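Within every chain, numbering begins at 1; the chains are lettered A, B, ... in the order of the sequence lines, protein sequences first and strands thereafter. Being a predicted model, the structure only gives us computed values, none of them experimental.
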2 protein chains.
Amino acid sequence: MVARGRPRTFDPDIALRTALDLFWERGYEGTSLNDLAQAMGIASASIYACFGSKEDLFRKVMALYGTTSGEPPRRALREQPTARAAIHAMLRATADEITRPDTPHYCMLILVAPTGAVENHAVREFLADRRRDMYTTIKDRLARGVADGDLTASPADLDAIARYYTTVVQGLSVQARDGATRAELEAVITCAMAAWDTLTSPATQ
Amino acid sequence: MVARGRPRTFDPDIALRTALDLFWERGYEGTSLNDLAQAMGIASASIYACFGSKEDLFRKVMALYGTTSGEPPRRALREQPTARAAIHAMLRATADEITRPDTPHYCMLILVAPTGAVENHAVREFLADRRRDMYTTIKDRLARGVADGDLTASPADLDAIARYYTTVVQGLSVQARDGATRAELEAVITCAMAAWDTLTSPATQ
DNA sequence: CGGTTTGTTTGTCGTTCGATAAACAAAGGA
DNA sequence: TCCTTTGTTTATCGAACGACAAACAAACCG
């Protein structure tokens, strides 16, 4: 595959990262193509040529977001030895990510387009699908804990516990958006983990 | 105060309720004045004459929302005899409200404008202020439990517990938005309340 | 070199945005 | 009745929206 024609004068990776930062700060509908073109340092027609429509660009942005900011929580789930440690580390990694000083204080997946104009329905459902993936990923990790023998729970318990911790993750994002500090989020996580032993001991509840 | 001039041909209360429904469904930026005028059955100029700007209208809408959908959770906090029962009933009232068949499945306060264009910063902060009021209201109810003798907790505990249950409320809204059923929310609430005894017994933690 | 391919710039498409001025309509007061 | 007051309709403002066509620029190929 030899390079043909005029080479690109901008780096698509850098431009995509710039677009990510702007969508992250202003939301999907709050970011215009003019905003994007200006921040990316190119004309809007170049955005269309390289990335397709605004919606296409946004989907590529969310893929990048998943492999960058989304990775630490996922890694925590994957690498911790027990289900309990995995959930706890995932919550703390999430809190770390949404209180970084150099980025907006919330999860992009959760808050850039929960509602909006009728014509952007597809974008909202795309994001909702990925949020539902969060739930599935957490549930799968709990199931692994059952298989590994470090967690005793029925399938119905797994559903409830997975949805519960997904709810906490999503609530944390609103808290950080409204100014909660890392320490305050840590206190919330401590509370959330206090439920664990009760939830996973068959005697109580 | 006698009626002077041409009387209004529409009912401002009904028009406000119609505006509420539209803002609720499409978010603040996703709802245009054209959408509003059409749904309210009047010209956009009549909206300006009666309610002021789009932002003024939205603030009036949120006041109405607070006294309607916002009331059941607040009443639960107020009327239940103990702090524990109050928190539990508040969570269930919230779940009831955000899964009603006739309205969108989320809390308007939380999801109609968490992010957006720079020029709507004031609207977002207005909503954030009211969300922070949620936290304060919950904390005040916990403090009343301490005063009533049905709850033993330090001031730092009150902060953490109040923020924790605020986080759960806000997470529930995202869950309902993404399609969680009332029964699934109930399971999440059961998990969230499982933390209560651990959090409020001085021995553990 | 000319020809082809690809990227970028410029300009503009039709639409919609929030907001308002001007014209018209319907009530009370004198 | 005519004036004043208030509400509504109509038309439109300038700006911004997402999207794209056409013209121009810079690389490789033969």
Please tell me whether B:Q170 and B:R131 have a donor and an acceptor in their side chains that are separated by less than 3.5 angstrom.
no

Rounded to whole Å, how long is the line connecting atom [atom1] of [X] with atom [atom2] of [N]?
X	N	atom1	atom2	result
A:R6	C:dG7	CZ	P	10 Å
B:Q38	C:dT16	CD	C1'	14 Å
B:I47	D:dT9	CD1	P	11 Å
A:I42	C:dT6	CD1	P	19 Å
A:F10	C:dT8	CZ	C1'	9 Å
B:F51	C:dA19	CZ	C1'	17 Å
B:E119	C:dA19	CD	C1'	14 Å
A:L36	D:dA16	CG	C1'	14 Å

Selected nucleotide, minimal atom distance to [X] side chain, candidates [options]:
X	options	result
A:A45	C:dT10, C:dA26, C:dT20	C:dT10
B:S46	D:dT9, C:dT6, C:dA19	D:dT9
B:K54	D:dA21, C:dT8, C:dA19	C:dA19
B:R8	C:dT6, D:dT9, D:dG7	D:dG7

One thing to verify: whether [Y] and [X] come together as a salt bridge, which I'm taking to mean a side-chain N less than 4.0 angstrom from a carboxylate O.
X	Y	result
A:D133	A:R130	no
A:E119	A:K54	no
A:R59	A:D56	no
B:R17	B:D21	yes

Working note: A:D150 + A:R84, criterion salt bridge (Lys or Arg N to Asp or Glu O under 4.0 Å); need CA distance, chi angles, decisive distance, verdict.
CA-CA 8 Å; A:D150 61 72; A:R84 189 189 206 284; over 6 Å; no

Base, sugar-phosphate, or nothing: which does A:S44 touch, judged by heavy atoms less than 4.0 Å apart?
base

Counting only heavy atoms not in B:E125, do more than 12 sit closer than 6.0 Å to its CD atom?
yes

Quick one, which residues of residues 14-34 of chain A touch DNA chain D with a heavy atom under 4.0 Å?
A:T31, A:S32, A:L33, A:N34

Would you tell me if any nitrogen or oxygen in the side chain of A:Y48 comes within less than 4.0 Å of OP1 or OP2 on D:dA19?
yes

